[in-house]
Structure formats: C-alpha cells, structure tokens
Amino acid sequence: MDTAPDLSRRRWLKGGLTPQHHVQTLPWALDRPAFTAQCTRCGDCIQACPEQIIVVADGGFPAIDFSKGECTFCTDCVSACGEPLFYSTEQAPWQQVAAFSHACLAHQGVHCRSCEDGCEPRAIRFRPRLGGVSVPELEQDACTGCGGCVAACPVSAISIVKEGGAA
C-alpha cells in the first residue's frame, strides 16, 4: 500500500497553501515517497534554514519555496534533521535546472534581465538578437537548480524542473 499522501487532493481541499510550481523538495532529500514516509514534520529543518526558504507544504512536510529566495546549499537543513532523510552531502544536491515559460517578459518583447541578475552561478545568458529583445538562454551544465532566478522573476515565468523535464 502506498503511504504517500495524495498531495493534489489535499492541496485542492485546503485551497492550495503555496504556488506549487515554486515548491521543491529539500536538497539531498530522499525521493518524495520515502521522505514523507519517514519525516516527523518536526520543523527543525525550517528553523535551521538561514535563507528562510523552507516552508510547511502539503501534509505539513517541509519543502523549499523558491519564490522566497535561493538555496545556498549550506547543508543546515540536513544537519538539523534527526531522521535518515537525506543522501550524503558529498553528492550533488539534486538533478534539477531552471525552465522558462512563455510568460517570460523577454519572450513577450519586453526588455527584462531579472533572472540573469539573480543567477549567482551565471548559468543564464542573454544573447543579442537582431530586430528583437534578447531572450534568456540556460547553460544547463552551470545551473545548480538553486532557484535564485525564480525569486528574481517579476512574472513567475521560471520554474525549477528535473533535468530533462518541462516547465
């Protein structure tokens, strides 16, 4: 029997706690079913986060809300947790990257480079285009999936997705 909560039904019944396209699992966390099966929802990781981007999400489980800021990969959430919910911090924190939707202002012909300014690893570039506004291009190998670009976007046109996924 699957013990993972039906998050979509729970979200609908509660009226949605946070915009789900901005909410992600914690870095180095086990996959969602294993995480929710073992997490005690104590809130220690929430209190430990210096960036204050870990929130109580569906089911009372912690998640990162990139609309609040970026993950600095400080490992404080992992250190604060008393349960075996995380992989070794020697590994990559996750396999996810930024993805741009068509709501992006640059794709609408409006000059905006907020995401580039919010990208500390400099994975987002704007190449000049003849006769048009430059649009963002992501260098996937440089993207850490930290979410800095998500918080910077004025129209919520960026989401963090699993590598190879779609927004």
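Residues: numbered from 1 along the sequence shown.
Counting only residues at least two apart or in different chains, salt bridge (Lys or Arg N to Asp or Glu O under 4.0 Å) contacts with residues 66-80 are absent.
Closest of all the heavy-atom pairs between V133 and G109 is CG2-O, 3.3 Å. A98 and I158 make their closest contact through CB-CG2, 4.0 Å (heavy atoms, listed as atom of the first residue, atom of the second, distance). The two residues A57 and A63 have their closest heavy-atom pair at CB-CB, 3.7 Å. Across all non-hydrogen atoms, the minimal contact from L30 to P84 is CD1-O, 3.4 Å. When every heavy atom of F100 is checked against every heavy atom of C115, the shortest pair comes out as CE2-SG, 4.0 Å. Of all heavy-atom pairs between P27 and I64, the closest is CD-CD1, 3.4 Å.
For Q47, the CD atom counts as loosely surrounded, since its 6.0 Å shell holds 12 or fewer non-hydrogen atoms of other residues, nucleotides or ligands. In Q52, the CD atom is not crowded: 12 or fewer heavy atoms of neighbouring residues, nucleotides or ligands sit closer than 6.0 Å. For E137, the CD atom sits in a packed shell: over 12 heavy atoms of surrounding residues, nucleotides or ligands are nearer than 6.0 Å.
Considering D117, I124, L138 as possible partners of C149, the one that fulfils the side chain to side chain contact (heavy atoms under 4.5 Å, CB included) test is I124. I46 pairs with exactly one of V55, I53, L26, I54 by the side chain to side chain contact (heavy atoms under 4.5 Å, CB included) rule, that one being I54.
Between the CZ atom in F35 and the SG atom in C81 there is a gap of 6.5 Å [rounded to 0.5 Å]. Atom CZ of F86 is separated from atom CD of Q91 by 13.0 Å, given to the nearest 0.5 angstrom. The structure places SG of C45 at 11.5 Å from CZ of F61, a figure rounded to the nearest 0.5 Å. A distance of 7.0 Å separates CD in E116 from CZ in R125, rounded to the nearest 0.5 Å. With rounding to the nearest 0.5 angstrom, the SG atom of C77 is 11.5 Å from the CD atom of E51. Interatomic distance, F66 CZ to C71 SG, rounded to the nearest 0.5 Å: 6.5 Å.
Judged by distance alone, the side chain of S134 and the main-chain N or O of R127 form a donor-acceptor pair under 3.5 Å. Remark: side-chain polar atoms of Q24 are paired, donor with acceptor, to backbone N or O of I160 under 3.5 angstrom. Between the side chain of Q140 and the backbone N or O of A123, no donor-acceptor pair lies under 3.5 Å.
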Apply side-chain contact (heavy atoms from CB on, under 4.5 Å) to V135 and C104, showing your working.
CA-CA 9 Å; V135 294; C104 172; over 6 Å; no
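Annotation: W94 is not in aromatic contact with Y87 [ring centroid separation under 6.0 Å not met].
Considering only heavy atoms from C-beta on, P62 comes within 4.5 Å of C39 through its side chain.
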